[in-house]
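Notes for the one structure printed next.
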Amino acid sequence: MARKIILFVLIAAIAGGLIGYYMYQKPLGTLGGEKAVGSMSSEALFDAFEADETESMLSWGGKVIEITGTVSEVLVNEDGSTTLILATSDPIFGVKCKLDPSLNHINTFSPSQEVRLKGLCIGMNGDVEIDRCLIL
Amino acid sequence: MKTITTLLTATMLICGLYTQAQEKYFTRNGTVTFFSSTPMEDINAENHSVTAVIDAGSGAVEFTMLMKSFNFKKALMQEHFNENYVESDKFPKATFKGNIVDMGAVNFTKDGTYNVVVKGDLSLHGVTQAVETPATIKVAGDKVSASTKFKVKPEDHKIEIPAVVREKIAAEIEVNVSTELQPLKK
């Protein structure tokens, strides 16, 4: 009986260790399987953050949202990823959508293009920032 | 008449140079990376959404970034970084505000590579510390690149590292900054 208990504890410890190791090594995946909790235009999102950043963070911060808008600027980042700036009513700042690295091969974005995408809303730093975006 | 024309041209040129020198340079996709190396583990993270402004007139430099813009290779590491260490919900931004100390060493109207010293305040995790670091400014046409690297001690910013992972995180984290800025459109 004691042997069985030791064996059980040993197997449980090994299984726990393997699960822990898998969880620790798990790479940052895409948001493909995540459902957006809300959908809005880039203007509406930016205006909401401009009006009340705290309230907007409570509503959208850390959540996957769907955004539609017009590309005002296409930026290629140092790591080869792309960031799209979506136009808002502000002359300088907009909604900054950093595309998921899995989309690095797409280089056909251009200003004035209409886009619909989903990504993780992470806050406002001049621009409202959406991370790990996927094109819909 | 020729003298007047020459004077007018010279005045316009000087005013033009003056205007250019007063220009502000801006980026919204600057890069900040950090690297921690210990015998147990190497950790690095990248942020490619850094907003930066350099005022070519005054030498003022300002960088701001959201902590949640740092991407790690491992999902759990990113989660621990935001929730346990830098507490991104409570302290969402890191900022650096400072000045190019030796502004005379830079000519923003002439292509070239200029080595300067930047001095200012780094605010991270709600704690502000003075930073002084050598930096490189490259001028190429209307583009300005700025880069630097310096070290940050987590304890200086009251970032608590649990004893169980203390050996995995370096006492000093190497921070690299790399930005390409363009004239700020008004």
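Throughout, protein chains are lettered first and strands after them, A, B, ... in sequence-line order, and every chain is numbered starting at 1.
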Taking Tyr114(B) as the starting point, is it possible to reach Met103(B) by hopping between hydrophobic residues whose side chains are less than 4.5 Å apart?
yes
Glu167(B) atom CD, over 12 foreign heavy atoms within 6.0 Å:
no
Same apolar cluster (I L V M F W Y, side chains within < 4.5 Å links), Val131(B)/Ile159(B)
yes
Check Lys96(A) against Ser49(B) and note the closest heavy-atom contact, atom names and distance.
NZ-O, 3.1 Å
Given that the side chain runs from C-beta out, which part of Lys73(B) has a heavy atom under 4.5 Å from chain A: side chain, backbone, both or neither?
backbone
Hey, is NZ on Lys74(B) packed in by over 12 heavy atoms from elsewhere, all under 6.0 Å?
yes
Which atom names give the shortest non-hydrogen contact between Gly123(A) and Leu66(B), and what distance separates them?
C-CD1, 3.7 Å
Pick one of side chain, backbone, both or neither for Met57(A), based on which atoms fall under 4.5 Å of a heavy atom in chain B.
neither
Closest heavy-atom pair and its distance - Glu73(A), Arg28(B)
OE1-NH1, 3.1 Å
Quick one: do Val175(B) and Val117(B) end up in the same hydrophobic cluster if we chain Ile, Leu, Val, Met, Phe, Trp and Tyr together by side-chain heavy atoms under 4.5 Å apart?
no
Lys68(B) with Glu129(A): basic N within carboxylate O range, under 4.0 Å:
no
Inspect the surroundings of NZ in Lys158(B) and state if more than 12 heavy atoms from other residues, nucleotides or ligands are less than 6.0 Å away.
no
Is chain A contacted by the side chain of Met77(B), its backbone, both, or neither, given a heavy-atom distance below 4.5 Å?
side chain
Asn77(A) versus chain B, the contacting section by heavy-atom distance below 4.5 Å:
both
Specify which of Ser69(B), Ser88(B), Gly30(B) makes the most heavy-atom pairs with chain A at under 4.5 Å.
Ser69(B)
Given the rule that I, L, V, M, F, W and Y join up when any side-chain heavy atoms are under 4.5 Å apart, are Ile5(A) and Leu7(A) in one cluster?
no
Can you tell me which portion of Ile85(A) sits under 4.5 Å from chain B's heavy atoms? Options are side chain, backbone, both or neither.
side chain
Counting only heavy atoms from other residues, nucleotides and ligands, does the tally under 6.0 Å from CD of Glu160(B) exceed 12?
no
When clusters are formed by joining ILVMFWY residues with side-chain heavy atoms under 4.5 Å apart, either directly or through shared neighbours, do Leu45(A) and Val37(A) land in the same one?
yes
Minimum-distance pair of heavy atoms, taken over all atoms of Asn125(A) and Thr64(B)
OD1-OG1, 2.8 Å
Under a 4.5 Å heavy-atom cutoff, which of Glu46(B), Glu79(B), Lys93(B), Met65(B) has the most pairs with chain A?
Lys93(B)
Contacting moiety of Thr179(B), where chain A heavy atoms sit under 4.5 Å
neither
If you count heavy-atom pairs within less than 4.5 Å of chain B, which of Val76(A), Thr83(A), Asp127(A), Leu120(A) leads?
Asp127(A)
Please classify the contact between Phe72(B) and chain A as side chain, backbone, both or neither, with a heavy-atom cut-off of under 4.5 Å.
backbone
Please determine, by modelled atom types, if Asn71(B) and Asp131(A) share a side-chain donor-acceptor pair under 3.5 angstrom.
yes
Glu34(A): partners by salt bridge (charged side-chain N to carboxylate O under 4.0 Å, His left out), with sequence neighbours left out:
none
